[in-house]
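These numbers were taken from a predicted model, which means no experiment stands behind them.
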Amino acid sequence: MESDPNTPELVQRLKNAFQFLGNDMVKTGAIGEFIAAGTSAASPFVAAAKRVAAAGWRAEVHSLGRRNTPASNPADFELEIMGFEAANTDFPGVVRDRRW
């Protein structure tokens, strides 16, 4: 996972992958697993989500954390949702249309 705010690895993945290549049995459908390192406010996750949206891809990410108490920091899935909301603000409808 990359921590560079410019997400150069993600940029190259977006340039060198074919959207929806395949057939009914096997087909590419998203850029995913981990699009950027971390999901904290300092992480490049929001910028990465916006890059994925700008390229017209669907983002698929894994959530690995959880809140320990209601007062603890947001879990990674909460920060991922915030990133998706930011991408949807810049690219209206991308979350719905691409089924993020």
Side-chain angles (χ1 to χ4, degrees):
M1 293 185 288
E2 66 182 315
S3 57
D4 185 328
N6 295 316
T7 62
E9 292 174 25
L10 176 62
V11 169
Q12 292 306 311
R13 286 175 59 202
L14 291 167
K15 286 181 183 178
N16 294 295
F18 296 100
Q19 281 188 317
F20 309 112
L21 176 69
N23 58 29
D24 291 342
M25 296 295 287
V26 178
K27 184 185 294 189
T28 61
I31 294 291
E33 192 70 26
F34 299 101
I35 59 175
T39 51
S40 69
S43 146
F45 187 86
V46 171
K50 290 179 180 182
R51 287 189 197 285
V52 171
W57 279 88
R58 178 174 64 232
E60 291 183 355
V61 297
H62 288 254
S63 178
L64 303 172
R66 63 183 174 86
R67 283 182 186 245
N68 293 322
T69 68
S72 61
N73 291 331
D76 61 350
F77 73 88
E78 294 173 274
L79 293 162
E80 289 167 354
I81 290 170
M82 290 178 207
F84 292 173
E85 289 171 339
N88 200 60
T89 298
D90 286 6
F91 302 93
V94 72
V95 170
R96 179 194 62 237
D97 298 341
R98 293 291 178 184
R99 298 176 30 221
W100 283 31

- [ ] Assign the ring pair Trp100 / Phe84 to parallel, tilted or perpendicular, where the plane angle (0 to 90°) is split at 30° and 60°.
- [x] perpendicular
TODO: Write down the atom of Ala37, the atom of Pro44, and the distance for their closest heavy-atom approach.
DONE: O-CD, 3.6 Å
- [ ] Compare every heavy atom of Asp76 with every heavy atom of Ser63, then report the nearest pair and how far apart it is.
- [x] OG-OD1, 2.7 Å
Open item on the list: So, taking the atom named NE2 in His62 and the one named CD in Glu60, what distance separates them when rounded to the nearest 0.5 Å?
Closed with: 8.0 Å
Open item on the list: Would you say CZ of Phe18 has more than 12 non-hydrogen atoms from neighbouring residues, nucleotides or ligands within 6.0 angstrom?
Closed with: no
- [ ] Taking Thr28 for its side chain and Leu21 for its backbone only, find out whether a donor-acceptor pair lies under 3.5 Å.
- [x] yes
TODO: Report yes if the side chains of Trp57 and Gln19 come closer than 4.5 Å at any heavy-atom pair, otherwise no.
DONE: yes
Task: Identified side-chain hydrogen bond (donor to acceptor under 3.5 Å, both in side chains) counterpart of Thr7 within the set Lys50, Gln12, Arg13, Arg51 - done: Arg51
TODO: Is it possible for you to say whether Val52 and Val95 belong to one hydrophobic cluster, with membership spreading through side-chain heavy-atom contacts below 4.5 Å?
DONE: yes
- [ ] Compare every heavy atom of Val94 with every heavy atom of Ala87, then report the nearest pair and how far apart it is.
- [x] O-CG1, 4.1 Å
Task: Polar side-chain atom of Arg98 near backbone of Gly56 as donor-acceptor pair, under 3.5 Å - done: yes
Open item on the list: Contact between Ile35 and Phe45 at the side-chain level, heavy atoms closer than 4.5 Å - yes or no?
Closed with: yes
Task: Nearest non-hydrogen partners of Phe91 and Ala53, listed with the distance - done: CD1-CB, 3.6 Å
Task: Pairwise distance CG(Leu10) to CD1(Ile31) - rounded to 0.5 angstrom - done: 7.0 Å
- [ ] Spell out, as yes or no, whether a donor-acceptor pair under 3.5 Å connects the side chain of Asp4 to the backbone of Asn6.
- [x] yes
Task: Within 6.0 angstrom of Asp24 CG, more than 12 heavy atoms from elsewhere - done: no
TODO: Write down the atom of Val46, the atom of Ala86, and the distance for their closest heavy-atom approach.
DONE: CG1-CB, 3.7 Å
